[in-house]
Amino acid sequence: MLDDIEKVLYTKEEIDKKVGELASRITADYRGKDLCVVSILRGAAVFLADLTRKLTDINFTIDFLVLSRGKAGSSGEVKIIKDLDHPIFKKHLLVVEDMIDMGESLHYVVDVLKLREPASIRICTLFEKPYSRTLDIECDYTGFILPDKFVVGYGLDFHQKYRNLPFVGALKPKLSPY
Ligand code: IMP
Ligand code: MG
């Protein structure tokens with residue numbers, strides 16, 4: 001698996017430091033609020049696990065959404081295939097994502113969640129590729145802005161592989177989808 005990686009872009013240590021910074025900002029913003037952290041599976045699972053273990057000074061619930069969509073990096077219809085388990089009416093929502101690329105997945109999720117009348121919705125993503133955005137998304141907490149490369153690791157996959165890498169790296173060009 002390591003042979004498939006051309007270059008490590010963000011080390012485990014760099015990611016850990018960034019996750020800590022995001023956690024500090026989130027802690028300051030949500031202290032005393034009725035917060036529900038909404039995570040989009042599967043890509044965000046690794047980030048969520050690390051982020052939530054750094055949010056030790058605030059109380060919150062965690063709920064999960066599963067989306068299906070066309071191939072990563074291509075446009076395709078987005079659908080919820082597993083919905084949240086609990087109501088979110090009047091709750092403060094923090095949607096945790098691994099990556100905002102074209103923005104379609106998140107745009108769809110935010111539209112659906114808004115209809116349920118939460119008190120607020122904010123977005124936290126570890127990675128953003130702003131130049132490939134087709135739909136406008138305002139992200140409140142962003143970890144890293146990525147170069148225009150297909151990356152894997154730390155939850156991000158290619159054909160369901162590489163999620164377990166502790167760093168984020170670019171695939172060798174012969175393996176990369178673009
Ligand atoms: P979009 O913002 O609707 O384009 O969807 C973003 C989703 O596409 C992310 O949550 C990832 O699952 C996937 N994705 C986009 N770029 C990459 C990448 O470089 N590596 C792995 N997955 C990616
Ligand atoms: Mg994702």
Side-chain angles (χ1 to χ4, degrees), residues 1-12 14-16 18-19 22 26 36-52 62-84 93-115 121-178:
M1 182 163 58
L2 289 174
D3 287 351
D4 298 348
I5 304 299
E6 182 184 50
K7 191 175 172 220
V8 174
L9 297 175
Y10 304 99
T11 63
K12 185 175 181 292
E14 286 168 332
I15 295 171
D16 190 59
K18 186 65 80 177
V19 174
L22 293 171
I26 292 166
C36 175
V37 173
V38 171
S39 173
I40 303 175
L41 293 175
R42 286 177 286 250
V46 175
F47 175 39
L48 177 84
D50 283 348
L51 180 70
T52 52
I62 302 177
D63 211 339
F64 296 96
L65 268 179
V66 183
L67 298 184
S68 79
R69 55 166 296 167
K71 271 196 308 190
S74 75
S75 96
E77 194 195 351
V78 186
K79 271 194 295 199
I80 291 183
I81 53 175
K82 187 231 161 264
D83 205 339
L84 299 177
L93 300 188
L94 180 66
V95 180
V96 173
E97 249 294 41
D98 51 352
M99 156 96 67
I100 307 177
D101 182 14
M102 287 180 284
E104 289 168 11
S105 319
L106 211 51
H107 204 271
Y108 172 77
V109 167
V110 169
D111 277 355
V112 169
L113 297 181
K114 266 189 190 159
L115 295 174
I121 306 185
R122 284 189 180 179
I123 294 165
C124 173
T125 187
L126 187 56
F127 297 104
E128 262 198 86
K129 291 180 182 170
Y131 34 78
S132 41
R133 203 60 51 84
T134 55
L135 288 172
D136 206 28
I137 292 275
E138 267 194 44
C139 187
D140 304 278
Y141 309 93
T142 300
F144 301 101
I145 305 286
L146 275 171
D148 193 8
K149 272 188 184 296
F150 192 83
V151 297
V152 294
Y154 199 75
L156 292 162
D157 73 304
F158 181 50
H159 293 327
Q160 302 302 327
K161 271 173 70 182
Y162 311 107
R163 292 193 197 275
N164 51 325
L165 292 174
F167 56 80
V168 166
L171 279 175
K172 286 188 175 157
K174 62 172 186 190
L175 295 167
S176 182
Y178 59 86

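Remember, it's 1-based here, ligands and their atoms both numbered in the order they're listed.
- Aromatic pair Tyr154/Phe127: ring centres not closer than 6.0 Å.
- No heavy atom of His107 sits closer than 4.0 Å to any atom of ligand 1.
- Residues passing the side chain to side chain donor-acceptor pair (under 3.5 Å) test with Ser176: none are found, sequence neighbours excluded.
- Considering backbone and side-chain atoms together, Leu156 places no N or O closer than 3.5 Å to any N or O of ligand 1.
- No heavy atom of Val152 sits closer than 4.0 Å to any atom of ligand 1.
- Using a 4.0 Å cut-off to heavy atoms of Gly103, the atoms of ligand 1 that qualify are 1 (P), 2 (O), 3 (O), 4 (O).
- With a 6.0 Å cutoff to the six-membered ring centre and a 45° limit on the axis angle, Lys18 does not count as a cation-pi contact of Tyr10.
- Heavy atoms from other residues, nucleotides or ligands lying under 6.0 Å from CD of Gln160 number more than 12.
- The closest donor-acceptor contact from the side chain of Asp140 to the backbone of Ile123 lies under 3.5 Å.
- The side-chain heavy atoms of Glu6 and Lys149, taken from C-beta on, include a pair separated by under 4.5 Å.
- Within ligand 1, counting atoms from 1 as listed, the ones closer than 4.0 Å to a heavy atom of Lys149 are 19 (O).
- For Asp157, the closest heavy-atom approach to ligand 1 falls below 4.0 Å.
- At least one heavy atom of Asp98 sits closer than 4.0 Å to an atom of ligand 1.
- Residue contacts with ligand 1: Leu106 is placed with no nitrogen or oxygen under 3.5 Å of a nitrogen or oxygen of the ligand (distance criterion only).
- Each of the following atoms of ligand 1 lies closer than 4.0 Å to a heavy atom of Glu104: 1 (P), 2 (O), 3 (O).
- Screening Thr125, Leu106, Ile80, Val96 for a side chain to side chain contact (heavy atoms under 4.5 Å, CB included) involving Ile40 leaves a single residue, Leu106.
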